[in-house]
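I have placed the structure first, in the form of structure tokens, so that the comments after it can refer back to it.
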Amino acid sequence: FVGEVALSLVLLIGAGLLLRSFVRLQNVPPGFSTENVVIFNVQLSPGQYPDLARQTAFYQQLTERLAAIPGVTAAAGINNLPVVAGGNTRSPFTPEGQTVPPVNERRLAVRSNPVPGYFAALGIPLKAGRDFTWRDVEKQPNVVIISESTAKRLFPNGENPLGRRLITGLASIPREIVGVVGDIRAEDLTTAPGDTMYYPTMQIGDGFFSMVVRTTRPAAGIREEVRAAVRALDPGMPVNDVQPLVNLIADSISDRRLIMGLVGGFAVLALVLAGLGIYGV
């Protein structure tokens, strides 16, 4: 019985450590604001939106309609929301002037394609330079915004990154750095911010988009107005899962919550069984 009690106490200690780690994980700053933010997804039909111009026009009109909803303070969108497991794209890059290494040896960065206003909508601070504008289209010079830690790693001696160029992607496309933004946990809450780059979706294009709406009203209160804004532009486009961003953050750590619950449950059960055994003796 002494052994049973000892084993149950080991399980309880492990459960306590897991609980402490889980609480710390919940308090990790993601680098963006999750409060008062509503998200939903849109999927563009390739037949109806076959080129960048039509995709850009749709996203611009949609963000304008969403921003006009009473209580909405900002609206934008991006192809990959942060902390979505498996949802991020990695892209190789090399500072211009350096020898571009073979593909399998190139430095990789998490890459996302937002529209103008995304950083303000998600509360990601602009550290230097400018945000994208709707004029950053396909026929204009290719541009990129990088994270603050990426800028420090690329230019450790304090050089100004603005105006410098990166050779990006497998096609080795030069892009001018026009802005630097704060670091975010793009992968998940357990992974420290790494190299992160943003291309304007107006130069890349993407048929799947996650819209971000900052509002003073609850998600349920603007759900129908959000759907109406989408239907006004494309009556056949379904709009599902209009939900608070905090739900997405909670889902990203749901596996750890499950493991913590299982270990804690087994620990309590083992302690109860050991106590019953001692009581029986």
Side-chain angles (χ1 to χ4, degrees), residues 24-25 27-34 76-133 136 140-204 206 210 212 249 252-253:
R24 286 181 177 177
L25 185 61
N27 293 327
V28 168
F32 52 90
S33 174
T34 61
I78 195 168
N79 65 328
N80 293 326
L81 281 171
V83 307
V84 178
N88 292 299
T89 300
R90 291 187 174 274
S91 181
F93 70 101
T94 305
E96 187 178 55
Q98 297 183 11
T99 302
V100 178
V103 173
N104 60 345
E105 298 178 10
R106 294 187 195 180
R107 190 171 179 173
L108 296 176
V110 173
R111 187 259 293 174
S112 299
N113 310 330
V115 297
Y118 167 75
F119 303 111
L122 209 55
I124 301 175
L126 182 66
K127 299 291 186 177
R130 66 171 178 87
D131 190 2
F132 297 130
T133 73
D136 291 318
Q140 294 299 314
N142 292 311
V143 293
V144 62
I145 291 175
I146 61 176
S147 67
E148 186 176 23
S149 62
T150 302
K152 290 178 180 178
R153 281 188 282 267
L154 290 177
F155 309 103
N157 297 321
E159 305 99 316
N160 184 7
L162 301 179
R164 306 288 288 269
R165 299 208 298 178
L166 302 178
I167 308 302
T168 63
L170 296 177
S172 298
I173 297 174
R175 291 183 175 275
E176 180 184 347
I177 301 173
V178 296
V180 179
V181 295
D183 293 323
I184 65 168
R185 293 184 179 258
E187 308 274 12
D188 55 61
L189 293 179
T190 63
T191 305
D195 289 323
T196 308
M197 299 188 304
Y198 303 89
Y199 300 168
T201 196
M202 298 80 71
Q203 294 180 344
I204 299 295
D206 206 301
S210 294
V212 178
I249 303 299
S252 71
I253 57 176

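When reading the values below, keep in mind they use all heavy atoms of this one structure, side chains included, and skip hydrogens, waters and symmetry mates. Counting begins at 1 with the first residue of the sequence.
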To the nearest 0.5 Å, atom OG1 of T150 lies from atom CD1 of I145 at 12.5 Å
Practice problem: Check for a donor-acceptor pair, side chain of T196 on one end and backbone N or O of G194 on the other, with a separation under 3.5 Å. | Solution: yes
Residues pairing under salt bridge (Lys or Arg N to Asp or Glu O under 4.0 Å) where one sits in residues 174-183, two or more places apart or in two chains, turn out to be none
side-chain contact (heavy atoms from CB on, under 4.5 Å) for L166 and M197? Distances and angles first, verdict last. CA-CA 10 Å; L166 302 178; M197 299 188 304; 3.9 Å; yes
Exercise. Does the side chain of F155 reach to within under 4.5 Å of the side chain of I177, using non-hydrogen atoms?
Worked result: yes
| query | Is there side-chain contact between P82 and L122, with heavy atoms separated by less than 4.5 Å? | reply | yes
Residue set satisfying side-chain hydrogen bond (donor to acceptor under 3.5 Å, both in side chains) with S210, at least two apart, ordered chain then number -> N41
Under 4.5 Å between any side-chain heavy atoms of P161 and L154, yes or no? no
Shortest non-hydrogen pair, R130 vs D136, comes out as NH1-OD2, 3.0 Å
Step by step, work out the side-chain contact (heavy atoms from CB on, under 4.5 Å) result for T133 and Q140.
CA-CA 11 Å; T133 73; Q140 294 299 314; over 6 Å; no
- Query: Does some side-chain heavy atom of S112 sit less than 4.5 Å from a side-chain heavy atom of T89?
  - Reply: no
For a quick test of your reading: what N or O donor-acceptor pairs under 3.5 Å do the side chains of residues 94-103 make, sequence neighbours left out?
from, atom 1, to, atom 2, distance (Å)
E96, OE1, R165, NE, 3.3
E96, OE2, R165, NE, 3.2
E96, OE2, R165, NH2, 2.7

The side-chain hydrogen bond (donor to acceptor under 3.5 Å, both in side chains) partners of R164 (sequence neighbours excluded) come to none
Min side-chain heavy-atom separation Q203-I173 under 4.5 Å
no
Check for a donor-acceptor pair, side chain of D131 on one end and backbone N or O of P116 on the other, with a separation under 3.5 Å. no
Rounding to 0.5 Å, atoms CG (N79) and CD1 (I204) come to a distance of 9.5 Å
ring-ring contact (aromatic ring centres under 6.0 Å, His included) pairs touching residues 107-128, sequence neighbours excluded, are F119-Y198
Contacts satisfying side-chain hydrogen bond (donor to acceptor under 3.5 Å, both in side chains) that involve residues 152-163 (not counting sequence neighbours) are S149-R153, R153-D195
To the nearest 0.5 Å, atom CG of N113 lies from atom CZ of F132 at 8.5 Å
Pairwise side-chain contact, F93 with I146, heavy-atom cut-off 4.5 Å (strictly under) = no
| query | Between R106 and G169, is there a donor-acceptor pair closer than 3.5 Å when you use the side chain of the first and the backbone of the second? | reply | yes
